[in-house]
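Data first, discussion second: the structure below is written as structure tokens.
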There are 2 protein chains.
Amino acid sequence: MMEQSYTIGRLAKDTGCKVQTIRYYEKVGLMPTPDRTAGNQRRYGARHIERLAFIRHGRQLGFPLEAIRQLLRLADSGEQPCDSADSIARSQLQEVESRIARLLALKAELNRMVEQCAGGQVADCRVIEVLSDHSQCLHVNHLEPEEAH
Amino acid sequence: MMEQSYTIGRLAKDTGCKVQTIRYYEKVGLMPTPDRTAGNQRRYGARHIERLAFIRHGRQLGFPLEAIRQLLRLADSGEQPCDSADSIARSQLQEVESRIARLLALKAELNRMVEQCAGGQVADCRVIEVLSDHSQCLHVNHLEPEEAH
DNA sequence: CTTGAACCTACAGTCGCTGTAGCTCCTATA
DNA sequence: TATAGGAGCTACAGCGACTGTAGGTTCAAG
């Protein structure tokens with residue numbers, strides 16, 4: 001009913017989010033469906049900006065979309081206690097802490113590998129050797145099967 | 001030509017890798033195609049075990065499959081200097097270090113959020129509030145758009 | 001010889017986007 | 001008012017690294 005004045009491109013620019021990503025969030029039900037112009041283009045208002053900022057901020061904090069969905073539900077129905085939000089955040093914190101622990105072990109291992117590599121022939125390459133023979137490394141549990149990158 | 005005596009299931013058990021994953025590695029050209037029985041089942045030998053162990057170890061160290069592919073090429077053609085292997089490992093180390101840095105910033109932010117949440121109504125919930133308003137957090141750059149989990 | 005666990009292929013789904021193709025719309029300028 | 005072109009639209013494929021499923025076949029123990 002108020003001015004729904006932002007195009008999707010404007011919204012994208014304002015929140016540092018790609019246009020396709022906004023449409024994706026709408027498709028998976030994180031963003032409410034906006035008004036459309038006569039020509040079928042989306043027009044957004046202030047609440048959409050807030051909503052998208054919330055989502056992006058949650059993503060930057062590493063929350064999976066499902067957690068963000070729950071947090072949005074909690075934020076919308078402002079009556080329940082915030083214990084739920086707290087426990088979502090706590091479990092995200094735990095996740096982050098365990099990721100850090102694993103990455104630190106990893107870093108130590110990679111350091112060892114790289115420092116021992118004398119730059120000679122592959123026959124003597126520590127990097128290849130360590131990878132070939134797990135017993136040569138300190139058997140920290142590295143990463144659990146996690147996607148790289 | 002020697003005893004190709006391991007079934008895919010055995011190989012999986014020995015290396016802590018799922019059967020489908022081994023078939024996947026074969027499909028994407030990381031594992032060499034094994035011999036087959038008359039009934040078309042895969043049979044593996046010692047070199048396959050070594051190869052798979054190399055791949056898994058690389059994955060545990062967080063190397064993407066593409067890096068592992070390069071490392072395997074280097075290991076196979078044992079003549080070239082190991083500078084390449086070294087630089088692959090170094091860039092993986094850098095990647096890991098930057099991930100750690102980002103996660104530490106993240107952890108601080110989540111800690112702040114969680115500690116301030118008094119367990120009251122959503123109206124006062126710090127978790128939701130901080131997510132809603134980026135200016136309330138310390139503007140560390142969090143994570144760059146990274147997939148969660 | 002029978003049973004059933006393990007194998008086979010092929011393909012869909014996961015997560016969170018990102019990119020592309022092939023259109024239509026909106027708006028600024030001439 | 002006509003036109004150009006940037007921005008929007010939908011639908012779908014692709015990424016990485018698997019994982020799961022359906023529907024069938026093979027192997028080895030009893």
Side-chain angles (χ1 to χ4, degrees), chain A residues 4-31 33-44 48 52 55-70 72 92 95 99 142-149, chain B residues 4-31 33-44 48 52 55-70 72 92 95 99 142-149:
Chain A
Q4 307 291 109
S5 38
Y6 295 92
T7 64
I8 196 169
R10 185 68 211 283
L11 194 52
K13 203 167 286 176
D14 284 7
T15 57
C17 181
K18 304 218 162 171
V19 165
Q20 298 106 300
T21 306
I22 298 173
R23 289 200 279 248
Y24 169 76
Y25 288 156
E26 182 183 332
K27 201 177 65 178
V28 300
L30 282 175
M31 284 292 286
T33 57
D35 289 349
R36 301 274 187 146
T37 64
N40 202 35
Q41 297 195 353
R42 290 166 179 85
R43 287 299 178 269
Y44 296 96
H48 295 99
L52 184 54
I55 296 169
R56 291 312 288 172
H57 196 184
R59 289 294 298 134
Q60 286 171 340
L61 287 165
F63 288 93
L65 289 189
E66 191 45 46
I68 293 174
R69 198 189 308 278
Q70 287 172 45
L72 281 168
Q92 171 63 10
E95 171 65 28
R99 285 223 264 165
H142 302 322
L143 293 173
E144 66 220 15
E146 180 197 7
E147 80 276 34
H149 170 177
Chain B
Q4 307 292 109
S5 38
Y6 295 91
T7 65
I8 196 169
R10 186 69 210 284
L11 193 53
K13 202 166 287 174
D14 284 8
T15 57
C17 181
K18 303 216 164 174
V19 166
Q20 298 106 300
T21 306
I22 299 174
R23 290 199 280 248
Y24 170 75
Y25 288 157
E26 183 183 330
K27 201 176 66 178
V28 299
L30 282 175
M31 283 292 286
T33 57
D35 290 350
R36 300 276 187 145
T37 63
N40 202 36
Q41 296 195 355
R42 292 167 179 85
R43 288 299 179 270
Y44 295 96
H48 295 99
L52 184 53
I55 296 168
R56 290 314 286 172
H57 196 185
R59 289 295 295 134
Q60 285 172 341
L61 287 165
F63 289 94
L65 288 189
E66 191 45 47
I68 293 173
R69 198 188 308 278
Q70 288 172 45
L72 281 169
Q92 172 63 11
E95 172 64 27
R99 286 222 262 164
H142 302 319
L143 293 172
E144 67 219 14
E146 181 197 5
E147 79 277 32
H149 173 163

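Reminder, nothing fancy here: chain letters follow the sequence lines and each chain counts from 1.
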OP1 or OP2 of C/dG16 under 4.0 Å from side-chain N/O of A/Thr21: no
Compare side-chain N and O positions of A/Arg42 against OP1 and OP2 of D/dC9 and report whether any pair is under 4.0 Å apart. yes
Okay, side chain of B/Arg59, backbone of B/Phe63: is any donor-acceptor separation there less than 3.5 Å? yes
Among C/dC26, C/dG16, D/dC27, which nucleotide has an atom closest to any side-chain atom of B/Arg43? D/dC27
Could you check how far CG of B/Asp35 sits from P of C/dC7, rounded to whole Å? 16 Å
d(OH, B/Tyr24; P, C/dC11) in whole Å: 17 Å
Using a strict threshold of under 4.0 Å (side-chain N to carboxylate O), is an ion pair present between B/Glu66 and B/Arg69? yes
Below 4.0 Å: OP1/OP2 of C/dC17 and any side-chain N or O of A/Arg56: yes
Among C/dT9, D/dA17, D/dC27, the one nearest any side-chain atom of B/Arg36 is C/dT9
Looking at A/Arg59, I'd like to know whether one of its side-chain N or O atoms comes within less than 4.0 Å of OP1 or OP2 on C/dC15. no
Kindly give the heavy-atom pair with the smallest separation between B/Tyr25 and B/Leu52, and that separation in Å. CD1-CD1, 3.7 Å
Check: B/Leu11 main-chain N/O paired with B/Thr15 side-chain donor or acceptor under 3.5 Å: yes
Correct closest heavy-atom pair for A/Glu26 and A/Pro34 would be OE1-CD, 3.6 Å
For atom CD1 of B/Ile8 and atom C1' of D/dT25, their distance in whole Å: 15 Å
With nearest nucleotides of DNA chain C determined for A/Gln41 and A/Tyr25 from heavy-atom distances, which residue corresponds to the more 5′ nucleotide? A/Tyr25
Comparing nearest nucleotides in DNA chain C, the 5'-proximal residue of the pair B/Gly9, B/Lys27 is B/Gly9
Can you measure B/Phe63 atom CZ to D/dA17 atom P for me and round it to whole angstrom units? 13 Å
Whole angstroms only, please: what is the CG-C1' distance between A/Asn40 and C/dG22? 16 Å
Side-chain N or O of B/Arg23 less than 4.0 angstrom from OP1 or OP2 on D/dG20? no
Of the non-hydrogen atoms in B/Ile8 and B/Ile22, which two are nearest, and what is the gap between them? O-CD1, 3.9 Å
To the nearest Å, give me how far apart CD1 (B/Ile22) and P (C/dC8) are. 10 Å
For a quick test of reading the model: is some side-chain N or O of A/Thr7 closer than 4.0 Å to OP1 or OP2 of D/dG8? yes
I want to verify a distance call: between C/dG16, D/dA17, D/dG20, whose nearest atom is closest to the B/Gln20 side chain? D/dG20
B/Glu66 or B/Lys18: which one's nearest nucleotide on DNA chain D is closer to the 5' end? B/Glu66
Would you say B/Thr37 places a side-chain N or O within less than 4.0 Å of OP1 or OP2 belonging to D/dC27? yes
Between A/Glu26 (CD) and D/dA11 (C1'), how many Å, whole number? 14 Å
Whole Å only: how far is the CG atom of B/Leu65 from the C1' atom of D/dC18? 9 Å
